[in-house]
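Atoms within each ligand, like the ligands themselves, are counted from 1 in listed order. Heads up: numbering here begins at 1 and tracks the sequence. Model, not experiment: these values are computed from the prediction.
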Amino acid sequence: MIGIDEKLEPILAEVLRRNAGELEFHQAVMEVFESLGRVIAKKPHYADHALIERLCEPERQIIFRVPWVDDAGQVQINRGFRVQFNSALGPYKGGLRFHPSVNLGIIKFLGFEQTFKNALTGLPIGGGKGGSDFNPRGRSEGEIMRFCQSFMTELQRHLGEYTDVPAGDIGVGGREIGYLFGQFKRLTNRYEAGVLTGKGLVYGGSRARTEATGFGATYFVSSMLATRSADFEGRKCVVSGSGNVAIYTIEKIRQFGGIVIACSDSNGYVVDENGIDMELLKEIKEVRRERISQYVDLRGKGARYIEGGSIWDVPCEVAMPSATQNELTGKDAAALVKNGVLAVGEGANMPCTPDAVRVFQNAGVLFGPGKAANAGGVATSALEMQQNASRDSWSFEKTEERLAEIMRNIHDNCAETAADYGAPGDYVLGANIAGFERVAAAMTAFGVI
Ligand code: NDP
Ligand code: 2IT
């Protein structure tokens, strides 16, 4: 296997065999393994006691039936998942994804990534992820509510503020968290605010959690740019997606003086050379829950919509893929490099294929991997847990200041770790090793568990 230490090869072979067909999970594990050779060369004890094998095996995997009744009175069945990956550093923590593409392999890749990401935040949170193959598109409010209630009816027995704390991800935002929390409270007869994050402000949510992932990713890219004495001012940027992460990435880039000229959904992309109009974008996506194609009709002159195609063909200096896994291929990366991209920050989880990452790194493009760049969302979730535990509520400014500090620390930790291991500027290596070392140290302290 290219790039993987020979001691790790049999471990990887066993992970691939045991998790046959789970391609996204394989991809996430391989990327981390490519970095771990340097750790075990320097600190061989981390290869002892099957520590790496244990790290690749989730502590618990839950799969359950989710029956619900649609508006036509028909019974529908979906599959629910929660993969409780690693609790060495704290309760399992990670989002819930509702999307028709969800399967066990995708939830495992996300749970694996989350374990390292959460470690990088420096906050006491383990890694987990869950969700369902439920497709919210086109479903009524009533259907969404009944689905969430049925999902939580089963999931609640596995949760708790000291056990497992879900939040949102694709297809799960404030509305769904409200229904999930309401059902949890009703079933358990406990107002256990710290059992879910991303809650509404009136019932225990944190200020700045909605904005946190996008804001945090932009802070991360800003720190990367600063290493080359550059910033966002006046730079053309492209942000894929138009959901939670994309919207607040666009907002923060604008605050930093950058100009976001394109965003997308799974049907196509919009180009607006005058800069994406935030108020209009929020109205279409957060209020009307409509398609991005509507942007052009409502915005009028200057904007255009391209059905299908690749948003990465739009020339830009900063690219922030913020939709979904493997949305940016080697070919897309080559187009971005040809058009002079300076920095790429992953707002989504694993949006760049391994080929794409190689293209960026070989071209000397600043590349911030998701587990570092998008950690601001889960970090602010941990701040929400902190506020819930102390029955407190912080101001927006205080919360955002903590977020900014956490993102600076993650950036510096990744950069310093990469340099310590002989690969300055390699944020992928830095993130994987810095995350691994925290989890591995705690697991080692616990003995064989
Ligand atoms: P949302 O559901 O709010 O938005 C998702 C966006 O991505 C939509 O524009 C959606 O378009 C697009 N998208 C989803 N699936 C696909 C697909 N298969 N192909 C093309 N486009 C797709 O989700 P978030 O913004 O919360 O999540 C986006 C990414 O960020 C995910 O990778 C998530 O794991 C990651 N992330 C989220 C965090 C959070 O706090 N929410 C934290 C850290 C990472 P359409 O409407 O057409 O489906
Ligand atoms: O991928 C992620 O980090 C998230 N979806 C956020 C998880 C969380 O618990 O806030």
Check each atom of ligand 1 against the heavy atoms of [X] and keep those under 4.0 Å away; list them by number with element.
| X | value |
| --- | --- |
| R137 | 45 (P), 47 (O), 48 (O) |
| R97 | 31 (C), 32 (O), 33 (C), 34 (O) |
| G171 | 2 (O) |

Less than 4.0 Å between a side-chain N and a carboxylate O, is that true for E400 and R207?
-> no
So, do F181 and Y191 have ring centers that fall under 6.0 Å from each other?
-> yes
Distance flag, aromatic centroids of F220 and Y427, threshold under 6.0 Å | yes
Looking at every non-hydrogen atom in both residues, tell me the closest pair between [X] and [Y] and how far apart they are.
| X | Y | answer |
| --- | --- | --- |
| G345 | P321 | O-CD, 3.3 Å |
| E192 | E161 | OE2-N, 2.6 Å |
| W68 | R146 | CB-O, 4.3 Å |

G347 touching ligand 1 at heavy-atom level, < 4.0 angstrom | yes
Using atom types as modelled and distance alone, determine if a side-chain donor or acceptor of D332 lies under 3.5 Å from a backbone N or O of T329.
-> yes
Is the contact between [X] and ligand 1 made by the side chain, the backbone, both, or neither, using heavy atoms and a 4.0 Å cut-off?
| X | value |
| --- | --- |
| E327 | neither |
| K371 | neither |
| S322 | backbone |
| N244 | both |

When you look for protein heavy atoms under 4.0 Å from ligand 2, which residues do they belong to?
-> K93, G94, G95, Q114, K117, K129, A167, G168, D169, R209, N349, G377, V378, S381
Interatomic distance, CD@Q183 vs CG@L155, rounded to 0.5 Å, equals 11.5 Å
Excluding sequence neighbours, so at least two apart, what forms side-chain contact (heavy atoms from CB on, under 4.5 Å) with V270?
-> I276, I292, Y295, V296, Y305
